[in-house]
Each structure stands twice: as C-alpha cells, then as structure tokens.
Number of protein chains: 2
Amino acid sequence: MKKIKAFLLEDQLCFAVYKAANQFTKLYRQVLEPFGLTYPQYLVLLALWEQDSLVVKQISEKLSLGIGTLNPILNKLVDKGWVTKETSSKDKRAVIISLTEKARATETLITEKLMEKMAHCDALTVIDGDLRAQLQNLNELLTQLNNMEVKDEYL
Amino acid sequence: MKKIKAFLLEDQLCFAVYKAANQFTKLYRQVLEPFGLTYPQYLVLLALWEQDSLVVKQISEKLSLGIGTLNPILNKLVDKGWVTKETSSKDKRAVIISLTEKARATETLITEKLMEKMAHCDALTVIDGDLRAQLQNLNELLTQLNNMEVKDEYL
DNA sequence: TCATTTTATATCGTATGCGATGTATATGTC
DNA sequence: GACATATACATCGCATACGATATAAAATGA
C-alpha cells in the first residue's frame, strides 16, 4: 500500500525548499558571522547597497518581510552601526533607513568573501540559471496564493 | 556602473529560496492552524506517517534539523497529544517517538485539506516536477558544502 | 473642518532554527 | 573491568518570522 507520491516527505516541493533555505542560511553564516551579520541582516544591506535610503516599507516589500520581523533586524543593524534610522520630513510616519560609512566601505569585502565561498562549489553556478527563474515563478505564484487567501474564504 | 548581476537581490538564488520557504510556511499555516499544527510540527508527523516509531536521531536526519530545534517541536507535539516519547529499552540514550491514535486518525483529513488548498493553484503542479528534482540536487550540494566546511579550514 | 479611515511603524507573544554546552549511556581499548 | 571517547538527547541564549494589536500621522469625505 504505497502512499500518494506527492505526500512522501522527500518528494514534497515545499520540503525541498524548506531544507534548501535552512542550508543556505547555514552556509552564509560561515561568511557573515565574522562581520557580525546574520543572513537576514545581510539581505537588508543588500537591498540598501542597490539603493540607499529606503523607507522601511520599501525594504519590507523588497524582502517580503512584515514589520514585525523587519523592525528588530533594523534595530540590530542600527545598534551595530551598519545603518541609521531617521523620520522622514515629508511623511512623519515613515522612517528612512540609510547605510553608514562602515556599511558602504565593507560592501566589497563582504561580497568578495561570499564569492570566494560560493566558488568552492562550481556546481552551484551550473544549477543556478534555470532554477532561479523557476523559483521566481514559484514565488510569484505563492505570493498570489497567500494574498488571495482572504478573498478565498468568500468563494 | 551596473553591479555584478549575481549580487543583485532579486537575482540571487539563495534569496529566491528564502522567500519561497517563507511563503510556503504562510500557505501551509492556513490549512494547519485549524488542527493546531505548525509547519515543522506537520513535517514531523509526515515523517512518522511514512514510518512510525522513529528515534529522535532518525527524525533529525530526515528533516535535517538539529536536536536543539527538534526537541522543543517534539515536546509540543507530545503536549498536544500527537505523539508519545519513550526511552528505548535497547539503548537508554535513545528516545522513540510514536504516533498517537489521534495522529493516525487525522492523517487523511489533514492530507485532504492540504490537497484542496494546493489544488486551487494548478500552476503549482505544472512547475513542480522539474523544479523539485533540481532543488534536491541543490540540497545535496548545500549539505555537502556545509559538512565540508570544517575540513575547509585546513586547506 | 472634523470625524473616519487608511497607512507606516512599533511592540508583543508564540514558534522555530541554530550553535554551544551539559548529561547520561554506549562503545572501544587496554 | 577501567577509562577515554563517542553518541543521543536535553537545555540555553540569540536571532528570526509570523499574526495580532497599538499608536501616530496622513488622507478622505461629509
């Protein structure tokens, strides 16, 4: 009596994603820890290196993280001197997050160390291309699904 | 001055995986919450539905979770009456986790509810096949990388 | 204008997820 | 059998991640 394939642990897409996310975090920790950074904290910096001085809401959207998750991360980045927080003068509700000199100065080094680590595994690059595109599709789908849920109740 | 493509937030494989994992957890919560289950708790049940009465160590390996993460989850499952814990008679260090009657009885219902939810999104099924295989490759790679790290220091 | 509603953050409680450490039990070696 | 080592689990501290709630400021509208 074999069970439905889709519901065996090893065959589940969601489980594969779950495991990959955990493994990635572990891998990145090796590089980021010496800088005193965690993976989510690094993501915030990554967003700001692309475009500095974002409002919290913009970072929240870029990373798909709620304020409840993001705010503690931002506070830690402030404490550790990576970013600053200032109220927007145009909209006093909004808070602008900006990179410090330290954060700007360290971008290259962190990026190099990460590339070094990843280079140890050429296969990662090979796999990368197609998978990335598919995952982006998946993410759009999941996001839609999650946003649809409220309406869903009324069907 | 465009930056290296690989290091733009949106283009990063790890970020795509990270987001997908978060979205999946949200999606599953909708189905699992009425049962009083979280996604990791459900994963434990999934493992046990495949094969009951596993030792903690075995579950830890199946889910790629350390004892520090797994133990609190198991304790909650015990508290809520989904599984039992008993010391192995053969090896008094080992703890055997077994499904309760409630857990066995609810498997079908939970599985049905999950399939219902997923069925709302046919596209998920279409994407699934290839992506799953690729993610499994990715996971093997990442796991190897993570296990290699210790030796890595001596190169 | 002024009450209502929306929006941007902040805070809180619960549940992971991890590395580090502690403890009891097996195991291997002599 | 004694003892060093390895293994299985437990516990702790830190850092997310989420939903729910709170608060202040902006936008809306009668």
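Since we're looking at a predicted model, the values are computed, not measured. In what follows, every chain begins at residue 1, and chains take the letters A, B, ... in the order their sequences are listed.
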Considering every strand and a 4.0 Å limit on heavy-atom distances, what is the contact class for B:Leu70: base, sugar-phosphate, or nothing? nothing
Looking at every strand, decide which applies to A:Asp91 at a 4.0 Å heavy-atom threshold: base, sugar-phosphate, or nothing. sugar-phosphate
Given that B:Thr38 and A:Asn75 both sit by DNA chain C, which one's nearest nucleotide is further toward the 5' end? A:Asn75
By nearest-heavy-atom nucleotide on DNA chain C, the more 5' of B:Gln41 and A:Gly68 is A:Gly68
If you check the B:Tyr18 side chain, which of D:dA17, C:dG17, D:dA8 turns out closest? D:dA17
Closest to the side chain of A:Ala94, out of D:dA17, C:dT9, D:dT11, is C:dT9
Find the distance [X]:[atom1] to [N]:[atom2] and express it as a whole number of Å.
X: B:Asn22; N: C:dG17; atom1: CG; atom2: P; value: 10 Å
X: A:Arg93; N: C:dT5; atom1: CZ; atom2: C1'; value: 11 Å
X: A:Leu63; N: C:dT9; atom1: CG; atom2: P; value: 13 Å
X: B:Lys26; N: C:dT14; atom1: NZ; atom2: P; value: 21 Å
X: B:Ile97; N: D:dA10; atom1: CD1; atom2: P; value: 7 Å

5' priority, DNA chain D, between B:Glu33 and A:Pro72 [closest heavy atom]: A:Pro72
Toward the 5' end of DNA chain D, by each residue's nearest nucleotide, A:Lys92 or B:Thr69: B:Thr69
Can you confirm whether or not the ring centre of B:Phe24 sits under 6.0 Å from the ring centre of B:Tyr39? no
So, do [X] and [Y] sit near enough that their side-chain heavy atoms are less than 4.5 Å apart?
X: A:Ile97; Y: A:Asp52; result: no
X: A:Leu32; Y: A:Arg29; result: no
X: B:Trp82; Y: B:Val44; result: no

It should be established whether B:Asn71 places a side-chain nitrogen or oxygen under 4.0 Å from OP1 or OP2 of nucleotide D:dC9. no
May I ask you to evaluate whether B:Tyr39 reaches the phosphate of C:dA15, defined as a side-chain N or O under 4.0 Å from OP1 or OP2? no
How long is the gap from CG on B:Leu43 to OG on B:Ser64, to the nearest 0.5 Å? 10.5 Å
